[in-house]
Asks: 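Following this message is one structure expressed as structure tokens.
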Amino acid sequence: LKSSIYFSSRRFEKAISSQFTVDVITKGEVAKDYVLEKVATPTVVTVSGPKSVVEKITTIQAVVSKEQFTESGVYDATIMYLDKNGEKLE
């Protein structure tokens, strides 16, 4: 566990690091005779930052959107940080 101090114009705050497994979410259709294998690289990430922010994160999702998956390949994903209610954190 790393520890740092973050300073903003409002206050000092202890920094923490926490590890999360990345959940892969796909949006789009899979072409007939294809199988979509959901694999994130890396599968686990470490998030570091102010304690009040990092402690709100419960899930990290890698969202891949494509109208139709028709070929093998590596796709870019949008990373989303979610709280305990499944709401996106900014």
Side-chain angles (χ1 to χ4, degrees):
L1 180 68
K2 294 181 183 178
S3 183
S4 301
I5 300 293
Y6 280 83
F7 174 75
S8 73
S9 59
R10 292 183 270 156
R11 63 176 189 228
F12 286 97
E13 185 172 349
K14 183 176 180 178
I16 63 170
S17 295
S18 192
Q19 289 191 325
F20 298 90
T21 301
V22 178
D23 297 328
V24 178
I25 306 298
T26 55
K27 296 183 178 182
E29 298 294 319
V30 178
K32 185 179 178 183
D33 298 327
Y34 279 81
V35 175
L36 185 60
E37 183 179 3
K38 300 177 184 183
V39 178
T41 304
T43 58
V44 175
V45 295
T46 301
V47 176
S48 300
K51 183 177 179 180
S52 63
V53 174
V54 175
E55 285 184 336
K56 289 180 184 177
I57 301 170
T58 58
T59 305
I60 295 181
Q61 293 181 340
V63 181
V64 180
S65 296
K66 186 169 173 64
E67 192 170 311
Q68 187 172 43
F69 294 92
T70 59
E71 57 188 46
S72 296
V74 176
Y75 298 95
D76 291 330
T78 300
I79 305 301
M80 294 179 39
Y81 303 89
L82 306 177
D83 66 13
K84 66 181 178 182
N85 299 317
E87 298 293 323
K88 184 178 175 182
L89 298 170
E90 297 296 328

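Predicted, not measured: the structure shown is a model, and the values here were computed from it. The figures here come from the full heavy-atom set of this structure, side chains too, leaving out hydrogens, waters and symmetry mates.
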Asks: Start with the C-alpha distance between M80 and I60, add both sets of side-chain angles, then the distance that settles side chain to side chain contact (heavy atoms under 4.5 Å, CB included), and finish with yes or no.
Replies: CA-CA 6 Å; M80 294 179 39; I60 295 181; over 6 Å; no
Asks: For the NZ atom of K14 and the OG atom of S52, what is their distance to the nearest 0.5 Å?
Replies: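 Between K14 NZ and S52 OG, I get 13.0 Å after rounding to 0.5 Å.
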Asks: Do I16 and V54 come close enough that some side-chain heavy atom pair is under 4.5 Å?
Replies: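 Yes, side chains in contact.
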Asks: Any heavy-atom pair between the side chains of V24 and V39 that's under 4.5 Å?
Replies: no
Asks: What's the spacing between D83 CG and T58 OG1 if we round to 0.5 Å?
Replies: 6.0 Å
Asks: In Å, rounded to the nearest 0.5 Å, how long is the span from NZ of K84 to NZ of K56?
Replies: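 That separation rounds to 11.0 Å.
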Asks: Y75 and I25: same hydrophobic cluster, using ILVMFWY side-chain contacts below 4.5 Å?
Replies: no
Asks: Would you say V47 and S18 make side-chain contact, with heavy atoms under 4.5 Å?
Replies: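 When only atoms from C-beta onward are counted, S18 and V47 do not touch, as no gap falls below 4.5 Å.
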Asks: Quick one: NZ on K27 to OG1 on T78, what's the gap to the nearest 0.5 Å?
Replies: 9.0 Å
Asks: Would you call I57 and F20 a side-chain contact if the rule is heavy atoms closer than 4.5 Å?
Replies: yes
Asks: I'd like to check K88 versus L82 (side-chain heavy atoms, cut-off strictly below 4.5 Å). Are they in contact?
Replies: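 Result yes, sub-4.5 Å side-chain heavy-atom pair found.
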Asks: Does N85 reach the main-chain N or O of E87 with its side chain, forming a donor-acceptor pair under 3.5 Å?
Replies: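 No, the answer is negative, given that no donor and acceptor are paired below the 3.5 Å cut-off.
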Asks: Side chain to side chain contact (heavy atoms under 4.5 Å, CB included) for V22 and V45? Distances and angles first, verdict last.
Replies: CA-CA 7 Å; V22 178; V45 295; 3.8 Å; yes
Asks: I want to check something: taking the side chain as every heavy atom from C-beta on, are D23 and T59 in contact at a cut-off of under 4.5 Å?
Replies: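 In short, these two side chains touch, coming nearer than 4.5 Å.
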